[in-house]
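Working notes, beginning with the structure itself.
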Amino acid sequence: MHEAYLEGVLALVEAVPVGSVTTYGDVAAMVGAGGPRQVGTVMARHGSGVPWWRVVRADGRPAQGLVEEALSRLDAEGVPVADGRVRMVQARWHPSAAEVAEHLGRVEVLPGGR
DNA sequence: GCCGTGACTCGCA
DNA sequence: CTGCGAGCCACGG
């Protein structure tokens with residue numbers, strides 16, 4: 001994979017505010033390339049330096065193999081968790097397109113539109 | 001180039 | 001609710 005992709009994914013994960021979470025699919029969509037699996041691969045290999053526990057699966061469950069670790073950290077940050085899964089409706093991160101572009105390190109959306 | 005694999009997702013039974 | 005299968009994209013053998 002290209003290094004820019006890796007940087008983009010990690011930058012977005014670091015941008016997720018405390019108390020919120022995002023999903024692999026959302027990150028992939030925000031980066032605008034690859035898919036959920038690519039994000040998962042990036043996190044597995046290079047996610048040790050970012051708040052990886054704020055990235056969960058679409059159903060609100062943490063990544064397999066790190067469930068306890070993630071739930072522990074999420075709960076400590078005040079993320080709404082119920083029965084082992086994050087309440088996505090409440091905790092999902094909804095950044096504006098401009099904000100996403102900002103974190104990606106490049107402007108892809110012009111302010112003011114068209 | 002085919003095949004298996006993965007920190008994924010969605011639809012259907 | 002759970003499980004299964006197919007689709008998904010990129011990487012490594």
Side-chain angles (χ1 to χ4, degrees):
Chain A
M1 67 183 67
H2 199 274
E3 189 173 331
Y5 183 73
L6 193 158
E7 293 297 319
V9 171
L10 297 181
L12 285 175
V13 175
E14 290 184 67
V16 179
V18 175
S20 298
V21 301
T22 189
T23 69
Y24 294 91
D26 282 0
V27 173
M30 289 187 275
V31 173
R37 309 199 69 118
Q38 277 40 257
V39 176
T41 299
V42 171
M43 293 305 289
R45 302 180 60 178
H46 309 280
S48 58
V50 299
W52 52 265
W53 56 91
R54 291 179 197 151
V55 182
V56 300
R57 298 183 353 193
D59 62 1
R61 282 181 170 169
Q64 295 188 317
L66 295 168
V67 180
E68 291 182 50
E69 177 73 3
L71 289 178
S72 175
R73 289 176 176 279
L74 289 171
D75 182 64
E77 295 183 350
V79 174
V81 177
D83 193 39
R85 63 183 178 71
V86 175
R87 289 190 182 261
M88 298 308 290
V89 177
Q90 298 179 59
R92 199 166 196 161
W93 183 42
H94 298 295
S96 66
E99 189 175 349
V100 172
E102 189 67 31
H103 290 299
L104 287 177
R106 83 191 73 163
V107 179
E108 295 183 17
V109 178
L110 299 179
R114 114 123 152 131

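Per chain, numbering begins at 1; letters A, B, ... match sequence-line order.
- Judged purely by atom type and a 3.5 angstrom limit, A/Tyr24 has no side-chain atom pairing as donor or acceptor with the backbone of A/Ala58.
- The shortest side-chain heavy-atom distance between A/Arg54 and A/Val18 falls under the 4.5 Å cut-off.
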Revision key, fill the gap. Expected string for nucleotides 6-13 of chain B under the B/S/- scheme (protein heavy atoms, under 4.0 Å, primed atoms plus P, OP1, OP2 as sugar-phosphate) is BBBSS---
Check your understanding: Run the salt bridge (Lys or Arg N to Asp or Glu O under 4.0 Å) check on A/Arg73 and A/Glu69 step by step: do they pass?
Key -> CA-CA 6 Å; A/Arg73 289 176 176 279; A/Glu69 177 73 3; 3.0 Å; yes
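- Of the P atoms belonging to B/dG11 and C/dC9, the separation is 16 Å, rounded to the nearest Å.
- Nearest heavy atom pair, residue A/Ala28 against residue A/Gly34, reads CB-O, 4.3 Å.
- With P as the reference atom, C/dC8 and B/dC12 are 15 Å apart, rounded to whole Å.
- The shortest side-chain heavy-atom distance between A/Met30 and A/Leu104 does not fall under the 4.5 Å cut-off.
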